[in-house]
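Read through the structure below, which is laid out as structure tokens, and then see the notes.
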Amino acid sequence: GGMGPVKFDDIPKVASEVLSDDYQVSGYVFKAKQKTSWANSVVSTQVDLFADGSCATPTRLAWKLPSPLGISAFSIDKLEMDKGGKFKLEASSDKLYPGLKVDCKSDLAEVSKLMVGCTYAGIKNAAIKLEAKATKPQEFTGEVVYAAHPAATCGLKFSSALLSGGLPDLGVRFLHGPFFCSLLAKEKLSVFTAHCFYKATPDITCAATYIHGGKGNGNATLGVSYKGLYKAKVS
């Protein structure tokens with residue numbers, strides 16, 4: 001039961017999202033989500049208001065169709081069109097085998113970009129993922145993540161480079177009360193990235209990261225967030 005362990009790339013997320021710059025800093029954005037009566041589909045729109053020299057028209061439209069045309073065997077998780085007229089399609093099915101989810105991603109333009117993946121969560125507290133281009137299955141990526149304890153998760157991420165002597169990336173995270181820390185080892189275990197996080201009060205969170213090895217050797221960043229609305233960062 002439960003949600004299963006986090007994805008490998010999300011191992012440091014508790015701390016890294018405090019240090020990230022992915023929040024809106026300029027302009028105004030209006031987002032809306034509307035559930036429709038057509039097969040429980042959901043329509044999401046995003047409008048950039050007061051954009052330079054343009055009227056307020058939707059810059060992103062997305063549909064979610066849990067059972068397209070009444071077919072429950074698969075789900076269209078995302079059908080998105082941006083302001084440039086480019087599409088993104090994400091579909092999945094979890095009806096093929098207990099614990100197995102198969103998904104595909106496409107830009108509806110080039111067959112060579114069609115990605116096919118599967119996630120197996122039939123082993124308690126573990127998740128195994130594989131993904132590859134449909135036209136080049138030999139170029140695959142994958143990960144195995146295991147929640148060894150409610151407070152500790154470990155994982156490894158690999159690619160087809162393993163077949164020619166490459167090494168997987170390794171990661172581990174610990175969470176205890178207001179404290180969190182994680183360590184990632186990448187680039188043939190030559191670059192180590194540590195994250196730590198502390199929730200000082202319900203409103204104030206602090207995070208820090210440090211890189212050892214590689215191009216970013218010695219880089220450190222410290223960040224503080226207040227209610228998730230205001231962030232200050234020192235690198």
Side-chain angles (χ1 to χ4, degrees), residues 1-14 16-17 20-51 54-122 125-135 137 140-143 145 147 153 155 157 228-229:
M3 288 283 289
V6 298
K7 296 176 185 173
F8 183 88
D9 289 341
D10 288 343
I11 283 177
K13 190 174 179 181
V14 173
S16 62
E17 65 184 0
S20 72
D21 290 321
D22 61 354
Y23 46 99
Q24 186 76 13
V25 290
S26 63
Y28 296 86
V29 172
F30 173 75
K31 294 182 182 179
K33 196 178 268 194
Q34 178 72 46
K35 191 168 184 177
T36 74
S37 57
W38 186 61
N40 289 325
S41 61
V42 178
V43 180
S44 304
T45 54
Q46 180 175 311
V47 180
D48 291 348
L49 302 173
F50 317 121
S54 66
C55 59
T57 53
T59 53
R60 192 171 62 83
L61 276 168
W63 295 266
K64 182 176 180 177
L65 307 161
S67 48
L69 304 176
I71 304 165
S72 61
F74 73 100
S75 161
I76 294 177
D77 303 318
K78 183 195 281 183
L79 174 57
E80 183 179 293
M81 184 180 76
D82 67 16
K83 61 184 173 185
K86 291 181 179 170
F87 287 90
K88 267 188 202 170
L89 172 69
E90 295 179 10
S92 65
S93 174
D94 55 8
K95 303 283 193 281
L96 299 172
Y97 185 83
L100 180 70
K101 182 179 181 181
V102 177
D103 58 79
C104 70
K105 298 172 187 171
S106 170
D107 63 359
L108 299 181
E110 295 180 48
V111 175
S112 63
K113 290 184 181 176
L114 177 64
M115 300 293 292
V116 179
C118 63
T119 302
Y120 183 63
N125 300 328
I128 302 165
K129 298 186 182 193
L130 281 171
E131 188 174 63
K133 288 182 178 176
T135 55
F140 61 84
T141 59
E143 63 179 65
V145 183
T153 301
K157 188 174 185 176
L229 299 172

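Keep in mind it's a predicted model, so treat the numbers as computed, not measured.
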What heavy-atom pair brings [X] and [Y] nearest, and what distance separates the two atoms?
{"X": "G155", "Y": "F8", "result": "O-CE1, 3.5 Å"}
{"X": "V6", "Y": "V145", "result": "O-CG1, 3.3 Å"}
{"X": "A73", "Y": "S93", "result": "O-OG, 2.7 Å"}
{"X": "T153", "Y": "P5", "result": "CG2-CB, 4.3 Å"}

Distance-only donor-acceptor pairs under 3.5 Å for side chains of residues 94-103, two or more places apart:
none

Nearest-0.5 Å distance, OG1 of residue T45 to CZ of residue R60: 8.5 Å
Distance, nearest 0.5 Å, that separates CZ of F140 from CD of E131: 12.5 Å
Does some side-chain heavy atom of [Y] sit less than 4.5 Å from a side-chain heavy atom of [X]?
{"X": "K88", "Y": "K105", "value": "no"}
{"X": "K7", "Y": "K13", "value": "no"}
{"X": "K157", "Y": "D9", "value": "yes"}

Give the table of side-chain donor-acceptor pairs shorter than 3.5 Å for residues 107-119, with sequence neighbours excluded, one pair per line with atom names and distance.
from: D107; atom 1: OD1; to: A109; atom 2: N; distance (Å): 2.9
from: D107; atom 1: OD1; to: E110; atom 2: N; distance (Å): 3.0

What donor-acceptor contacts under 3.5 angstrom involve side-chain atoms of residues 61-72, with partners at least two apart or in another chain?
none

